[in-house]
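Because the structure is predicted, anything quoted here is derived from the model rather than measured. Excluded from the calculations below are hydrogen atoms, water molecules and symmetry mates; all remaining heavy atoms, backbone and side chain alike, are included. Whatever order the structure lists ligands and atoms in, that order sets their numbers, starting from 1.
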Amino acid sequence: MKYYFAPLEGVTNALFRRTYDRVIGGIDAYYSPFVTTRDSGIMKRKEKSDIEPANNPGFKLIPQLLTTDASAFIQSSLHMEEMGYDEVNLNLGCPSGTVVPKGKGAGFLRTPDKLDRFLEEIFDRCRIQISIKTRIGFESADEFPRLLEIYNQYPVKELTIHLRTREEFYRGSVHEEVFQYAYTHSKAPLCYNGDVKTVADVRRLEETYPDLEAVMIGRGFLIDPGFIGNSGQTSDEKRANIFLDEMCKEYCQVISGDTHVLHKMKELWNYRKDAYENGDKIFKKIRKARSLSEYKDICYQIKSKKGEI
Ligand SMILES: Cc1cc2nc3c(=O)[nH]c(=O)nc-3n(C[C@H](O)[C@H](O)[C@H](O)COP(=O)(O)O)c2cc1C
């Protein structure tokens, strides 16, 4: 089974991926946070730079597109092909209130006939392989069989399923029964996504779905970086601390101003805190840090007291 790093907009940018790959590794492919298309098909400079192969050396990156416009998808995927990519991922899962009203991301699931026509056009006209990342429905999991029927008509490279509806955002437990349905009915190879956070979670998936192609993990890797690839040489905590220290160093080199670096580190700790029993207390301290030196002092306390802060 392959392990993918989920795309998390604002978090898993190129700098994050390079650092994660250097310090932790063990990832078969990283997905880029979504790139939105413009009518011209030209990407924004920042988004283009994030997926530029030179900024993602030594590991596999799959760029992701967010659009409802088939021509823009085709145009953008051509740019990606020119950059050397052989696969592009279509985002049908973003639940954001700024994306969904435009009918994009999970919003596209609300109009299955339109989605079908869009897929027909892009699969007809794109040479690049297309994979899909979808939710199981907009309002209800009952929408999934119809969606899968649509996906099954096309040569989807891989279908990643985040086992929640749009209405559920990231709340509540995942709809495992929908994955069982997909496992027996999907023509495309499947990738499981949602709440995989421990080695036991991964082992259970391997046992339950022996033909499963891949698992995509997001928050689990932010809470406990590299939990699947632990060689036993380094403790979970030490590994995570090294990673966070390296992220801080890297951000200091590219972001001017302590405040912005601090903001980025607080964002990472908002996930990492869940590795500690007293995570809320730890995060409260980190959130209150007003300078990088204050932040580093708190990290030092966490390390030296093994989280007893
Ligand atoms: C802050 C944040 C940003 C995200 N950005 C993206 C994105 O750009 N593209 C995407 O397909 N999914 C995005 N997701 C969803 C994740 O890729 C993933 O599907 C979700 O976190 C569930 O997996 P997990 O339980 O392993 O974290 C985002 C999630 C979060 C919390």
Could you check atom 19 (O) of ligand 1 against the protein and tell me its nearest heavy-atom contact, residue, atom and distance included?
Asn193 OD1, 2.7 Å
Are any of the N or O atoms of Val196 closer than 3.5 Å to those of ligand 1?
no
Atom 31 (C) of ligand 1: which of Leu8, Leu222, Val99, Thr36 has the nearest heavy atom?
Leu8
If I apply the N/O under 3.5 Å rule, does Val11 come out as touching ligand 1?
no
Counting only heavy atoms closer than 4.0 Å, does ligand 1 sit against the backbone of Arg219, its side chain, both, or neither?
both
Any Tyr192 heavy atom less than 4.0 Å from ligand 1
no
If you measure every N/O of Tyr271 against every N/O of ligand 1, is any gap under 3.5 Å?
no
Do me a favour and list the nearest non-hydrogen protein atom to atom 26 (O) of ligand 1 with residue, atom name and distance?
Gly218 N, 2.8 Å
Using a distance-only test with no angle check, is there a side-chain donor-acceptor pair under 3.5 angstrom linking Tyr30 and Asn56?
no
With backbone taken as N, CA, C and O and side chain as the heavy atoms from C-beta onward, which portion of Lys133 lies under 4.0 Å from ligand 1: side chain, backbone, both, or neither?
side chain
Would Lys264 and Glu267 pass as an ion pair if we require N to O under 4.0 Å?
yes
Do Val199 and Ile223 sit in the same hydrophobic cluster, where Ile, Leu, Val, Met, Phe, Trp and Tyr count as joined when their side-chain heavy atoms come under 4.5 Å apart?
no
Is any side-chain N of the basic residue among Arg204 and Asp201 closer than 4.0 Å to the acidic one's carboxylate O?
no
Pairing donors with acceptors under 3.5 angstrom, does anything connect the side chains of Glu87 and Ser131?
yes
Could you tell me the residue and atom name of the protein heavy atom closest to atom 20 (C) of ligand 1, and the distance to it rounded to 0.1 Å?
Tyr170 CE2, 3.6 Å
To check your reading of the model: name the closest protein heavy atom to atom 6 (C) of ligand 1, its residue, and the distance in Å.
Pro7 O, 3.1 Å
Can we call the ring centroids of Phe118 and Phe108 under 6.0 Å apart?
yes
At under 4.0 Å between heavy atoms, is it the side chain or the backbone of Gln64 that contacts ligand 1, or both, or neither?
side chain
Rounded to the nearest 0.5 Å, what separation is found between the CZ atom of Arg127 and the CD atom of Glu81?
4.0 Å
Closest non-hydrogen protein atom to atom 5 (N) of ligand 1, residue and atom name please, with distance?
Glu9 N, 2.9 Å
Is Val196 linked to Val174 within one hydrophobic cluster, defined over Ile, Leu, Val, Met, Phe, Trp and Tyr using a side-chain heavy-atom separation of less than 4.5 Å?
yes
What residues, two or more places apart in sequence or in another chain, satisfy side-chain contact (heavy atoms from CB on, under 4.5 Å) together with Asn270?
Lys273, Phe283
Can you confirm, on distance only, whether ligand 1 has an N/O atom lying under 3.5 Å from any N/O atom belonging to Ser32?
no
Ile217 heavy atoms within 4.0 Å reach ligand 1 at atoms 26 (O)
Residues, nucleotides or ligands: over 12 heavy atoms within 6.0 Å of Tyr300 OH
no
Quick check: Phe5 with Phe59 (ring centres under 6.0 Å apart)?
no
Strictly under 4.0 Å, does any heavy atom of Gly93 approach an atom of ligand 1?
no
Quick note on ligand 1: atoms under 4.0 Å from a heavy atom of Ala6 include exactly 17 (O)
Evaluate the ring planes of Phe227 and Phe221, with Trp represented by its six-membered ring, and classify them as parallel (under 30°), tilted (30 to 60°) or perpendicular (over 60°).
tilted
Using a 4.0 Å heavy-atom threshold (strictly under), name the region of Asn91 that reaches ligand 1: side chain, backbone, both or neither.
side chain
Any nitrogen or oxygen of Gly220, side chain or backbone, less than 3.5 Å from one on ligand 1?
no
Determine whether the aromatic ring centres of residues Phe144 and Tyr151 are separated by less than 6.0 angstrom.
no
So the atoms of ligand 1 within less than 4.0 Å of a heavy atom of Gly194 turn out to be 25 (O)
The atoms of ligand 1 lying under 4.0 Å from a heavy atom of Pro33, numbered in the order shown, are 8 (O)
